[in-house]
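Below is one structure; the comments refer to it alone.
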Amino acid sequence: MGIMPRNRGGEGGIVAVDMLSERATMMRESVQKSQSITDNMVSILGSFDHRLSALETAMRPTQIRTHAIRKAHENIDRTLKAADVILSQFDLSRQAEAKILKGPHEDLESYLEAIEQLRNNIRFFNNNKSFKSSDGVLNNANSLLAKAISKLEDEFKQLLSSYSKPVEPERLFECLPTSMRPSTGSPGDQDSSSKNHLPSSHGEHNHGTDDTVYTPPTLIPPRILPLLHDLSQQMVQAGHQQQLVKIYSNTPAPPLFTSCIAQHHASSLTELQLYMTEPTVRAKMSSSIFSNVFEAKNVKPSGQKLSGACVGWGGTRDVRFPVLEESLRKLGVEKLSKDDVQKMQWEVLEFKIGNWIHYMRIAVKLLFAAERKVCDQMFEGVEQIKDQCFADVTTGSVAMLLSFGDAIAKSKRSPEKLFVLLDMYEIMRELHSEIELLFRGKSCNEIRESAFGLSKRLAQTAQETFRDFEEAVEKDATKTAVSDGTVHPLTSYVINYVKFLFEWMDKMLNVKFQGCSWYHNYQSTLKQLFQEFENGDSNSQLAAVTMRIMQALQTNLDGKSKQYKDPSLTNLFLMNNIHYMVRSVRRSEAKDLLGDDWVQRHRRVVQQHANQYKRIAWAKILQCLSIQGLTSSGGSNSMGVDGQNSSGVSRALVKERLKTFNIQFEDLHQRQSQWTVPDTELRESLRLAVAEVLLPAYRSFIKRFGPMVESGKNPQKYIRYSAEDLERMLGEFFEGKTLNEPKR
């Protein structure tokens, strides 16, 4: 039983070994076949390598020939392209030549394009001088370009001349702010040659402000300026800057400003003149005021004489120069020498000065500003030319304007000239920043310095006039009276001097003036001015001078007040004038030096004159409303048969009182409504003071005795006014009405 399993196991092992042997035999055969296939493939590939090498060797000559052919084609293409470029340049040159030969007049844009193309051709042949014909082409192109630029110059001059016309005055006036436009002339105009008269420089002098809009006129049409700009740029590119300047203005440098600058540096000025442009109420004084004092002194202003060139000069100018001068001549600007000014009557001279102030404003803000705009646009990008052309064109016009101002500054001093001198200085100061802006650059230095020099001379003349002022106030013997009792011209004249003095001192501390090179000269000169009166602190000296002037004015006013026959008008006159003094001082820097004591003391003087007026003017009419003289002791108000009440008051006497009251009140109303109290607050205060006395007395009288009159015949004949009527009529007092002016 145990031997049978072992026999089966031996048989299975023999079978497995046989199977492994068969498989090994099969694998060996497969490997042998793969090796044979590999050897065959290697042999085949080796034969391909030999064949490819042979093929490459056979194709190499063909490749060399193909590369040579390709290179030849590339060279041919480059040569043809170069030839095309050269031929196109020749074609463009012929086209440009044809356009240039036609000239610029018909088609300026095409003409300028042709010039630019010609320049491009010249640059091309300059960069390609290896061409055999490049030198000949360049010579022809440069010659043609010179002819083209010459024609451009002619076109520039012709175009500029065609559109350069003087600006008519009416057109300039339209460019001014509405408040500064002139009114239509009248038969009474000082200058019969003027069609329009400009606003007066006194009282209604218009100050330039930041919000005031000036619109410079268009000198050359906007569609033409770009053409002129293009023409000028072409001339500059061609190196014809001098020809360009000559065509535009052709103005040689004049000798005017050299002498003017010398005078400018020789001037010594004060702070006082720098600020005398502050707005104020300016009184127009007759030339007789202080005339004796100034005639006796016959003071001549210091400083050298301007050369004849200051009045203007001749010379050859093209296009813009004469157009600008003609615009000013049409406006009314004229060349006047110092002798011409000296011979004029004051009224005529004052009129001309007033116009000159507006001419300066119009010239700088409109004409010169417009001319600068033309130069800036026409010569954009070429600063030197734009400044030079502007300077050349404006030189003569500026000199013509400044010569008149200089003649005024050098003329004989007189007190009535102070305000016009200040007006003239004021306009120069107003235009200071604009002159600096317009006349910028080295080319405009002399013009700019000449304008600033005139400002200094005007200020110096005003300062020298002020030096004589205290003596003139003391010795004034004029009998000029104001019929309505208002502020006397002398008062406003003197007070304005004082206000200017202090306000100038204050304004000179403003930082915007400290940039001026002559700021410190003004400060030191002002101190020297008051040290001449007495030694010591300049502030105390100024206060002493001011008090002496104020006292001299009060003394003068006392004398003038005695010209009135009506004592109440005398007091009204003194009240108005001293109140004006106090109010002006209180609102100015003078208060700090004169002090509160001076102000309070003179306010009491004003009140005293107001009380005196009320007492003198109204005492008599108030007597009509008094009970005294109407009643007897005791009794009632019942009426008796004889027209008397029980108190013994006569109806006839009451009627007489009311009749007298009516007559006196109407007389007062007629006269005193023609009188003037210019200060609104003072006027209302005075009316109220009268009403507080008059109206209660009238109401009481009518209440007590009115029934006696109303019960009789024609009561309205006697009780003509109600208290409300009187109050309304009191509101018409001191209005300065004329006799024929209707009642309110």
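Every heavy atom of this structure was used, including side-chain atoms; hydrogens, water molecules and symmetry mates were not.
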With rounding to the nearest 0.5 Å, note down the distance linking CZ in F368 to CG in L437. 14.0 Å
If you define the side chain from C-beta out and look only at heavy atoms, does anything of F452 sit under 4.5 Å from I435? yes
Could you tell me which non-hydrogen atom of L458 sits nearest to which non-hydrogen atom of A409, and how far apart they are? CD2-CB, 3.8 Å
Report yes if some heavy atom in the side chain of E735 is under 4.5 Å from a heavy atom in the side chain of W675; otherwise report no. no
How about F573 and V487: do any of their side-chain heavy atoms sit closer than 4.5 Å? no
Check whether the side chains of S337 and D339 place a donor and an acceptor atom closer than 3.5 Å, and report yes or no. no
Please list, one pair per line, the donor and acceptor atoms closer than 3.5 Å that link side chains of residues 595-604 to other protein atoms, with sequence neighbours excluded.
| unit_1 | atom_1 | unit_2 | atom_2 | d |
| --- | --- | --- | --- | --- |
| H602 | ND1 | W598 | O | 2.9 |
| H602 | NE2 | Q554 | OE1 | 2.7 |

Tell me whether S492 contacts the main-chain N or O of P489 through its side chain, where contact means a donor paired with an acceptor under 3.5 Å. yes
Report yes or no: do K417 and S411 form a side-chain donor-acceptor pair below 3.5 Å? yes
Residues which pass salt bridge (charged side-chain N to carboxylate O under 4.0 Å, His left out) with D679, listed by chain and number, not counting sequence neighbours: R583
Minimum-distance pair of heavy atoms, taken over all atoms of D340 and L336: OD2-CA, 3.7 Å
Rounded to the nearest 0.5 Å, what separates atom CD1 in I549 from atom CD1 in I495? 9.5 Å
To the nearest 0.5 Å, what is the distance between OG1 (T491) and CG (L557)? 4.0 Å
Between T555 and Q551, is there a donor-acceptor pair closer than 3.5 Å when you use the side chain of the first and the backbone of the second? yes
Search all heavy atoms of L402 against all heavy atoms of M360 and return the closest pair with its distance. CD2-CE, 4.5 Å
Examine distances only and state if a side-chain atom of R457 and a backbone atom of K410 form a donor-acceptor pair shorter than 3.5 Å. no
All heavy atoms of T570 vs all of S561, minimum pair found to be OG1-O, 3.2 Å
Mind checking whether L694 and L730 have side chains closer than 4.5 Å, heavy atoms only? yes
Point-to-point distance, once rounded to the nearest 0.5 Å, from CE of M581 to NE2 of H579: 12.5 Å
Are the charged groups of E436 and R448 less than 4.0 angstrom apart, N to O? no
Distance-only polar pair, side chains of Q612 and R615, donor-acceptor under 3.5 Å: yes
Any chance you could lay out the side-chain hydrogen bond (donor to acceptor under 3.5 Å, both in side chains) test for T486 and D484, step after step, and finish with the verdict? CA-CA 6 Å; T486 190; D484 59 354; 4.8 Å; no
Does some side-chain heavy atom of L349 sit less than 4.5 Å from a side-chain heavy atom of I408? yes
As a quick check of understanding, evaluate side chain to side chain contact (heavy atoms under 4.5 Å, CB included) for E430 and K365, giving each step before the final call. CA-CA 11 Å; E430 176 189 324; K365 290 180 178 287; 3.3 Å; yes
Taking the side chain as everything from C-beta on, heavy atoms only, tell me whether Q672 gets closer than 4.5 Å to E732. no
Just verifying a value: how many Å separate M180 CE and I362 CD1, rounded to the nearest 0.5 Å? 10.0 Å
Write down the atom of Y359, the atom of L401, and the distance for their closest heavy-atom approach. CB-CD2, 4.2 Å
Donor-acceptor pair between H488 and N577 side chains, under 3.5 angstrom: no
Do L421 and Y425 touch side chain to side chain, with heavy atoms closer than 4.5 Å? no
Taking N576 for the side chain and G485 for the main chain, is one N or O donor matched with an acceptor at less than 3.5 Å? yes
Check: E334 and F404 side chains under 4.5 Å, non-hydrogen atoms: no
Check this for me: does any side-chain nitrogen of one of E692 and K614 sit under 4.0 Å from a carboxylate oxygen of the other? no
If the threshold is 4.0 Å, N to carboxylate O, is there a salt bridge linking R181 and E174? no
Set of salt bridge (charged side-chain N to carboxylate O under 4.0 Å, His left out) partners for D667, sequence neighbours left out: R671
Side chain to side chain contact (heavy atoms under 4.5 Å, CB included) between V677 and M575: does it pass, once the steps are laid out? CA-CA 9 Å; V677 177; M575 177 197 71; 4.1 Å; yes
Minimum heavy-atom separation for L454 to G405, with atom names? CD1-C, 3.5 Å
Let me confirm one number: the CG-NZ distance from L328 to K335, rounded to the nearest 0.5 Å. 10.5 Å
Students often mix this up, so state it plainly: with edges at 30° and 60°, are the rings of Y613 and F734 parallel, tilted or perpendicular? perpendicular
Would you confirm whether Y564, through its side chain, and V482, through its main-chain N or O, come within 3.5 Å as a donor-acceptor pair? yes
